[in-house]
2 protein chains.
Amino acid sequence: MQGDCRCVKLDPMSTIAKALGLLDLFSDAHPRLGLSDVQRLTGRDKATVHRHLVALERAGFLEQDAATRAYRLGPALTRLSGIRARTVPEVEMVRSVIDVLSRDVGELVHVSRVQGFDLVHVHHAEEHDHPVRVAFDAYGLPPLFATASGKAYLAFSPGGLLELAIADPRTCLPGTPAPDRREIEAELKQIASLGYARNRDALRLGVSSVAIPVFDGASRAFATCSIAYPTGRGGKGTEARLARLLMQRGRDITEAMGGVVPPHILDLWTPSRERAAS
Amino acid sequence: MQGDCRCVKLDPMSTIAKALGLLDLFSDAHPRLGLSDVQRLTGRDKATVHRHLVALERAGFLEQDAATRAYRLGPALTRLSGIRARTVPEVEMVRSVIDVLSRDVGELVHVSRVQGFDLVHVHHAEEHDHPVRVAFDAYGLPPLFATASGKAYLAFSPGGLLELAIADPRTCLPGTPAPDRREIEAELKQIASLGYARNRDALRLGVSSVAIPVFDGASRAFATCSIAYPTGRGGKGTEARLARLLMQRGRDITEAMGGVVPPHILDLWTPSRERAAS
DNA sequence: GGCAATGGTTCATATAATGAACCCTTGGAT
DNA sequence: ATCCAAGGGTTCATTATATGAACCATTGCC
C-alpha cells in the first residue's frame, strides 16, 4: 500500500463543485444520507459538509427529514428537470451522452425512436478514429427484424408486440421470407438475457452492430441506441467490448431522455456497482 | 428613488447559493441564457458569473449549446429528479409545500388523490392560528360531487369523465338525488374559468372550502388540494383570498409531485409573472 | 474600417470557505 | 441511574478560495 490515496494536488475543486458533488452520493440504493454518512463518503470535514448540505437545502436541492434529520434529494430538482424536459428537444438531450460514447468507442453511434414498426432517426454521432468506418445513412429506414436496434426493442417489450411485428410485412427486408416464429423467439430470449442485441452483416455486408433499448418514464422501451462497426475490425473480442461499453452507458442514455431503466435490466448492464457506499 | 437597491448587508450569500441561484433564472419562458443575459439578470461580475456557469456545467446542471454558446439546464437534473421520484414517497413530496401553505393561511390544507371516483387521503396539514378551525377527518371519504376537491378534479378533466361520474351512484351523498346534468355542467364550466372550485356548507354545515386540481406528468388532473375553513370566518373576501393563495401555490404543488401544469391553467393561476426577465 | 456586443481569461486583492475543537442530544450498554 | 459512543450541529482563528477591474478575441453591423 504505497500512498494513502491523498489526491495528488489536482486543480483545486471549486466550492460549487464540491457541494454539487454531494448530490451524486444520493442514489436509488442510498436515497437518504445523514451528515455523518456524507462526511464518511467524502472524507471532508464535518463542518464543511454541513455547510454545503445546508446551502443545498436552502436552495431546494436537498430536503431534510424533520424526524430522522437525514437528507434526501429536494423538490427543486423536480422543478428544474421539468423545465428541461419541456424546453430542450429530445435530440439535444441525448446529444452529450452519445457524443461522448462515440468518442470513446471511435465508431458510429445511433439513437432512433420506434414509431409504429419504423425506426426513426433521433441523433447520431461519428467520431472516426479509424480510416475505415461505417458511414451514416439516415434514410435507410431499415425494417425492425433486419437491425440490432429493432431486435433490441422487441426483446425488451411485452410479448404481444412480437405477434404484431411478425404479422406486419414491413418489419422484414423486402424479398426476404417472413421470419420463423420459434427462431425469433429464441433469439429475443437470448438478447434479453445478454442485455444487448447484435447483428453481423445482416443489413449490409461488412457492417455489424450492437444495440440496446432506451426506456421511457414508465420503463417501457421506446427507442434504441446502437453502435455500428466494420465486421472485420478488431477480431473476436470486438462485439463483446463494444456491447460492454454500450451497456455501461445504457442508464445514462435512458435517463438523459427522462426515462427509467427497469431494475433487472440495470443489473444486467452494471453488474457490480454500488459497493463503495457502506 | 431613495437608495439604489444596493442590498443592505444581508448575511453574505454562500458561493454555493449564488451559483445555484443561477439555475432559477432558467424557466419555460427563458430556457436558454447567454453569459451576458445571466450577468445582466444577476448584476454580478461577468467573470464570477462565468466561473459559476462553468462549474454548474461541469457538474451536469447546465449544458452549453456548442453553436450559440448559450446555456441551458443540464442532464444531471433529470438524473437526480428521477432518483427523487423513485425513492421519495408521494406524501413526502407535497409535505413541504403543503406545510408552508397551511402556515401561511392558518387553515386546514388537504391533498387527496383521485382513485376511481374516490378521494383518498395523501397528506394534510393544519397550522391553527385560530381557536375555531376545521378539524381533519381523514375517513369521511366524501363523494366527488359533495366536495370542492371533487368538483375541481372533474372541472379540469376530459368531458367523458363527467358522464361516468354522474352515472355512478357513489359520487353523491347517500340520500341525495342525482345531480342535475345541466346544473353541474354550468358549475364545472365556471370552475374551469375561475381556476378553482368552492363549496359552502355542502358537506358539513359551517365548513367551506376552496380546491384546485393537481396535474401529473402528462398534465392530466390526478389529485386535488383544498383549503377548508369555517364558513363564518372573515366575511365576504375570505373565499377569494384563500383561493388566490391556493392558486399561487398550484404550480408548486403540482411540480412537487412531478407533474406539469397546463399553460392555460398556469395563466389563470399566476396572471402577471415573468415580467422581470427582459 | 471602426464600433458595440458577446464570450471568455488574468491576476492582485479581499472575502468567504475551511477544520480542529467544542456543545448538545439520543440510544444503547453496564 | 450512569457511562460511553455516535450523531447532528456550531464557533472562530487561519488561509485558501472567490472575486472583479482590466484585458483579449470573435462576431455582426453600420
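Chain letters run A, B, ... following the sequence lines, proteins first, then strands; residues in each count from 1.
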### Task
For B/H52 and D/dT17, give me the distance from atom NE2 to atom P, rounded to whole Å.
14 Å
### Residue B/R69, side-chain atoms from C-beta onward, closest of D/dG9, C/dG7, D/dT19
C/dG7
### Most 5' of A/I16 and A/G34 on DNA chain D, judged by nearest nucleotide
A/G34
### Task
Starting from C1' on C/dA17, measure out to CG on A/L22 and report it in whole angstrom.
14 Å
### Contact under 4.0 Å: B/Y71 side-chain N or O vs C/dT6 OP1/OP2
no
### Message
Measuring from atom CG of A/L23 to atom CG of A/L56, what distance do you get when rounded to the nearest 0.5 angstrom?
### Response
5.0 Å
### Message
Between the base of D/dG8 and the side chain of A/K46, is one N or O donor paired with an acceptor at under 3.5 angstrom?
### Response
yes
### Query
B/H50 side chain N/O closer than 4.0 Å to the phosphate oxygens (OP1, OP2) of C/dG7?
no
### Query
To the nearest angstrom, how far is B/L53 atom CG from C/dT6 atom P?
15 Å
#### Entry: Minimum-distance nucleotide (side-chain atoms of B/R40 versus C/dT6, D/dA21, C/dT18)
C/dT6
### Atom pair distance, as rounded to whole Å: CD in A/Q39 and C1' in C/dA21
14 Å
### Task
Would you classify A/Q64 as touching base, sugar-phosphate or nothing, given that sugar-phosphate means primed atoms plus P, OP1 and OP2, and contacts are heavy atoms under 4.0 Å?
sugar-phosphate
### Message
Rounding to an integer number of Å, can you tell me how far A/R51 CZ sits from D/dG9 C1'?
### Response
12 Å
### Message
Check the orientation of A/H124 and A/H110. Use parallel for under 30°, tilted for 30 to 60°, and perpendicular for over 60°.
### Response
perpendicular
### Query
Looking at B/D24 and A/R79, does any basic side-chain N land under 4.0 Å from a carboxylate oxygen?
yes
### Query
Tell me: CG of B/L33 to P of C/dG8, nearest whole Å?
13 Å
### Flag, side chain of B/Q64 to backbone of B/R69, donor-acceptor distance under 3.5 Å
yes
### Task
Identify which nucleotide among C/dG19, D/dG20, D/dT17 has an atom closest to any side-chain atom of A/D45, counting heavy atoms from C-beta outward.
C/dG19
### Message
On a heavy-atom basis, which atom in A/V38 and which in A/L22 lie closest, and how many Å separate them?
### Response
CG1-CD2, 3.7 Å
### Message
Side chain of B/T48 only, heavy atoms from C-beta on: which candidate in C/dT9, C/dT6, D/dT19 is closest?
### Response
D/dT19
### Query
Does A/R51 reach the main-chain N or O of B/S14 with its side chain, forming a donor-acceptor pair under 3.5 Å?
no
### Task
Quick one: stems involving DNA chain C, counted as three or more successive Watson-Crick or G-U pairs, both distances short of 3.5 Å.
C:1-30 with D:1-30
### Query
Just checking B/R44: base, sugar-phosphate only, or nothing, at a heavy-atom cut-off of under 4.0 Å?
nothing
#### Entry: side-chain N/O B/K18 vs D/dA18 OP1/OP2, d < 4.0 Å
no
### Task
Please check the phosphate of D/dA18 (OP1 and OP2 only) for any side-chain N or O of A/T15 closer than 4.0 Å.
yes
### Query
Can you name the residues that form a side-chain hydrogen bond (donor to acceptor under 3.5 Å, both in side chains) with B/H50, not counting sequence neighbours?
none
### Message
Please enumerate all residues that pass side-chain hydrogen bond (donor to acceptor under 3.5 Å, both in side chains) together with A/S209, with sequence neighbours excluded.
### Response
none
### Message
Measuring to OP1 and OP2 of C/dA16, would you say a side-chain N or O of B/S14 lies under 4.0 angstrom away?
### Response
no
### Message
Of the options C/dG8, D/dT19, D/dA21, whose atoms approach the side-chain atoms of B/L35 most closely?
### Response
C/dG8
